[in-house]
Structures are given as C-alpha cells and as structure tokens.
Amino acid sequence: MIPSSAIILQSKEESSVDDSDPTGQKRGAYLFASIMLVVVWLFSVPPEFRRARFCTEEQYSTYRYCTTPKEWVNGVKDYYGNGGGVKFDFTVDPTINDPPSE
C-alpha cells in the first residue's frame with residue numbers, strides 16, 4: 001500500500017495547473033484594463049450618449065425618450081465625424097433623460 005503523503009506529492013507533480021496566481025489577479029488584469037478603457041471613454045462623450053436609454057424599434061415608435069442601439073451608434077459616429085473630441089464631463093443631472101410627464 002502506498003502512503004497517502006506519497007499520493008499527494010505525486011498528484012502535485014503531475015498537475016499542469018500553474019498555482020503562481022491563485023486569486024486570478026494576473027489573468028483579470030486584461031479584463032480590468034479593457035473595462036476601464038470603456039468607462040473612461042464613456043465619460044469623454046457628451047451626456048446625451050452616456051445617459052441614453054436603449055429600447056426596441058417598437059418601443060421607440062411609442063416612447064420617444066429612448067433610443068435604439070443603431071441610432072446611438074450613428075449618433076456617436078456623427079459626433080466624432082463632426083469634429084467632436086474628448087471632453088470629460090462628470091455632471092450629474094438625473095432628470096435629463098426622464099420620460100415626459102403626462
């Protein structure tokens with residue numbers, strides 16, 4: 001019979017898993033950097049794009065306070081196409097895109 005400590009040592013030697021990053025921080029650095037770039041970019045476009053509410057084509061025909069993803073992308077393209085640059089805006093106005101009260 002093989003002692004249990006020998007089996008544990010043998011399984012550790014055969015393991016191909018790299019234990020140098022047990023918390024996954026090295027692998028997560030790429031995801032973190034990508035998300036940070038998106039967040040910084042979102043704060044560099046005008047608030048009407050950043051605060052947009054997305055809806056379907058059907059909802060857009062009924063409620064004009066939302067935008068479709070296609071319309072949003074075209075708006076961002078137009079913004080940069082017309083010379084829009086990076087202007088950081090951190091204003092907070094929660095009523096800017098509220099639906100109209102009836």
Side-chain angles (χ1 to χ4, degrees):
M1 181 168 201
I2 300 174
S4 61
S5 60
I7 294 174
I8 293 172
L9 289 175
Q10 181 182 6
S11 64
K12 282 188 176 181
E13 289 172 3
E14 293 175 0
S15 176
S16 64
V17 177
D18 183 17
D19 291 333
S20 64
D21 187 24
T23 59
Q25 290 183 351
K26 290 179 184 174
R27 291 176 297 174
Y30 299 108
L31 179 63
F32 178 75
S34 320
I35 291 173
M36 284 304 294
L37 284 173
V38 170
V39 169
V40 168
W41 175 79
L42 277 174
F43 277 103
S44 71
V45 295
E48 59 264 17
F49 296 116
R50 188 173 64 240
R51 296 180 183 142
R53 293 184 183 178
F54 294 108
C55 58
T56 63
E57 295 281 341
E58 201 173 277
Q59 292 170 328
Y60 181 72
S61 63
T62 307
Y63 309 107
R64 292 293 184 170
Y65 61 87
C66 61
T67 184
T68 62
K70 184 177 181 180
E71 188 178 71
W72 185 86
V73 168
N74 288 336
V76 171
K77 285 180 183 178
D78 289 343
Y79 171 73
Y80 284 114
N82 294 329
V86 176
K87 299 173 189 120
F88 288 101
D89 181 7
F90 298 103
T91 59
V92 178
D93 186 7
T95 61
I96 197 166
N97 281 339
D98 281 348
S101 55
E102 295 176 20

K.L.:
Looking at Tyr79 and Phe49, what are the two nearest heavy atoms and their distance?
P.N.:
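Between these two residues, the closest heavy atoms are CB-CE1, 3.9 Å.
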
K.L.:
Between atom CZ of Arg51 and atom OG1 of Thr67, what is the distance when rounded to the nearest 0.5 Å?
P.N.:
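It is 15.5 Å, given to the nearest 0.5 Å.
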
K.L.:
How many angstroms lie between atom CG of Leu37 and atom CZ of Phe32, to the nearest 0.5 angstrom?
P.N.:
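It is 10.0 Å, given to the nearest 0.5 Å.
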
K.L.:
Please tell me whether Met36 and Leu42 are part of a single hydrophobic cluster in this structure, the criterion being side-chain heavy atoms less than 4.5 Å apart.
P.N.:
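Different clusters.
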
K.L.:
So, taking the atom named OG1 in Thr23 and the one named CD in Gln25, what distance separates them when rounded to the nearest 0.5 Å?
P.N.:
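Separation between the atoms: 3.5 Å.
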
K.L.:
If hydrophobic clusters are built from ILVMFWY residues whose side chains come within less than 4.5 Å, do Val38 and Val45 share one?
P.N.:
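Yes, Val38 and Val45 fall within the same hydrophobic cluster.
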
K.L.:
Supply the atom-to-atom distance Phe54 CZ to Thr68 OG1, rounded to the nearest 0.5 angstrom.
P.N.:
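Nearest 0.5 Å value for the CZ-OG1 distance: 8.5 Å.
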
K.L.:
Which heavy atom of Pro69 sits nearest to which heavy atom of Cys55, and what is that distance?
P.N.:
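For Pro69 versus Cys55, the nearest heavy atoms are CD-O, 3.8 Å.
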
K.L.:
Determine the minimum heavy-atom distance between Trp41 and Val76, stating which atoms define it.
P.N.:
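That closest heavy-atom pairing would be CZ2-CG1, 3.9 Å.
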
